[in-house]
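Below is one structure; the comments refer to it alone.
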Amino acid sequence: MKNSILIIIAVFSLSCSSIRKKEVLPVLGRYEVIEKTIDGKKTYDSIPHTIADFSFLNQDSMIVDNDFLKGKAYIADFFFTSCPTICPTMKKQLLRVFDKYKHEKDFAILSHTIDPKHDTIPLLKDFSERLGVTGGNWHFLYGTQEEIYSIGEKSYMLIAGEDSSAPGGYIHSGAFILVDDQKRVRGIYDGTDVDQVNILLIELDLLLNEIKSRN
Amino acid sequence: MKSKAAISIILFITPIFVACSQDVKLKQYIAKGEELYLANCIHCHQADGSGLAAVIPPVNSDFSIKNKAFSICVIKNGLQGEIEVEGQTYNGNMPSVAFTDLELAELITYLNNSWGKQESITTISEVEDALKNCR
């Protein structure tokens with residue numbers, strides 16, 4: 001009797017731990033079905049949602065585009081330097097990620113300003129230095145309002161639109177979006193929540209291992 | 001004889017009562033100040049009062065004890081331009097919040113009794129005096 005209880009407990013705890021721990025991160029977003037013709041036969045294939053091509057300038061006026069990100073995983077977020085609401089907390093959390101991975105060559109952080117009128121490249125440079133970000137893989141990206149909104153809404157699936165009634169004049173999501181080396185979204189985390197960022201740190205390791213095994 | 005005893009009891013109890021009510025008032029100010037901090041300040045200055053690198057100054061140091069009048073003015077009127085806190089220069093833009101004098105007293109009392117700091121209550125009259133001399 002005692003033994004059978006122990007076995008039941010053991011089975012339960014094993015099954016629980018296997019549920020909780022992800023070994024491979026899921027690919028998020030809607031799949032698109034495409035029609036292919038192979039040897040005269042029509043076949044259908046589903047391809048995952050990917051981030052559209054883009055090209056932005058970082059705080060050092062360096063181009064950050066798809067070529068630059070080849071073979072890298074990255075975290076994308078949206079912010080503006082004068083934001084009085086969730087941005088400072090998001091930056092505090094991203095600093096945790098940066099401190100752990102700043103020397104990782106297969107990784108980058110892309111922080112897009114959604115206020116290019118105010119956040120010029122020199123201002124982004126000053127902001128990054130004030131955060132203590134120098135010589136690492138954290139890029140503060142500058143682009144036109146249209147480019148930012150287009151990539152934000154269409155590719156990253158979040159709201160980065162202008163709303164003059166919100167504090168700071170903009171609304172934006174506090175999400176950190178984890179993208180893999182094949183431009184697929186592999187995780188979305190609340191960048192204002194310490195626990196969510198703890199999960200991100202664990203899952204980023206998984207993704208980096210996956211990328212290393214591919215290269 | 002009886003009246004003497006009564007007087008001595010009153011003399012004995014009154015200071016305790018006054019001390020207790022002061023203590024209760026301090027606790028009330030801290031509790032209300034914490035609410036105000038959570039609603040208005042925490043996004044930038046963070047839950048642990050540490051601010052953000054060299055972008056947003058910390059409020060967990062004894063700056064607001066040493067520079068109380070100045071701190072009251074900054075909380076009330078906001079701040080644009082440079083400020084030095086704990087040897088670090090910051091150059092941001094802090095928005096003003098339309099706090100009442102009582103709320104300012106509660107908030108400063110909270111700041112100066114949190115994160116290991118212990119100071120007595122900041123009164124409304126201290127706040128009024130500080131606000132008269134804001135630069």
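Naming: A, B, ... by sequence-line order, numbering from 1 per chain.
- The six-membered or imidazole ring of A:F56 lies away from that of A:H139, with a centre-to-centre distance of 6.0 Å or more.
- Your options are B:A47, B:A53, B:A54, B:C44, and the one with the most heavy-atom pairs under 4.5 Å with chain A is B:A54.
- Within the structure, disulfide (SG to SG under 2.5 Å) contacts touching residues 99-135 of chain B (residues at least two apart or in different chains) are B:C73-B:C134.
- Applying the side chain to side chain contact (heavy atoms under 4.5 Å, CB included) rule to A:P48 yields the partners A:V27, A:Y31, A:R184; only residues at least two apart in sequence or on another chain are considered.
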Interface of chain A and chain B, donor-acceptor atom pairs under 3.5 Å:
unit_1: A:T85; atom_1: O; unit_2: B:H43; atom_2: ND1; d: 3.4
unit_1: A:T89; atom_1: OG1; unit_2: B:H43; atom_2: O; d: 3.4
unit_1: A:T89; atom_1: OG1; unit_2: B:Q46; atom_2: NE2; d: 3.4
unit_1: A:K92; atom_1: NZ; unit_2: B:S50; atom_2: OG; d: 2.6
unit_1: A:K92; atom_1: NZ; unit_2: B:G51; atom_2: O; d: 2.6
unit_1: A:R130; atom_1: O; unit_2: B:A54; atom_2: N; d: 2.8
unit_1: A:R130; atom_1: NH1; unit_2: B:A54; atom_2: O; d: 3.0
unit_1: A:R130; atom_1: NH1; unit_2: B:T89; atom_2: O; d: 3.2

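- Between the side chain of A:H49 and the backbone N or O of A:S155 there is at least one donor-acceptor pair closer than 3.5 Å.
- Not counting sequence neighbours, A:E147 has no partner by the salt bridge (Lys or Arg N to Asp or Glu O under 4.0 Å) test.
- Just one of A:L141, A:D67, A:I63, A:N66 meets the side-chain contact (heavy atoms from CB on, under 4.5 Å) condition when paired with A:S55; it is A:I63.
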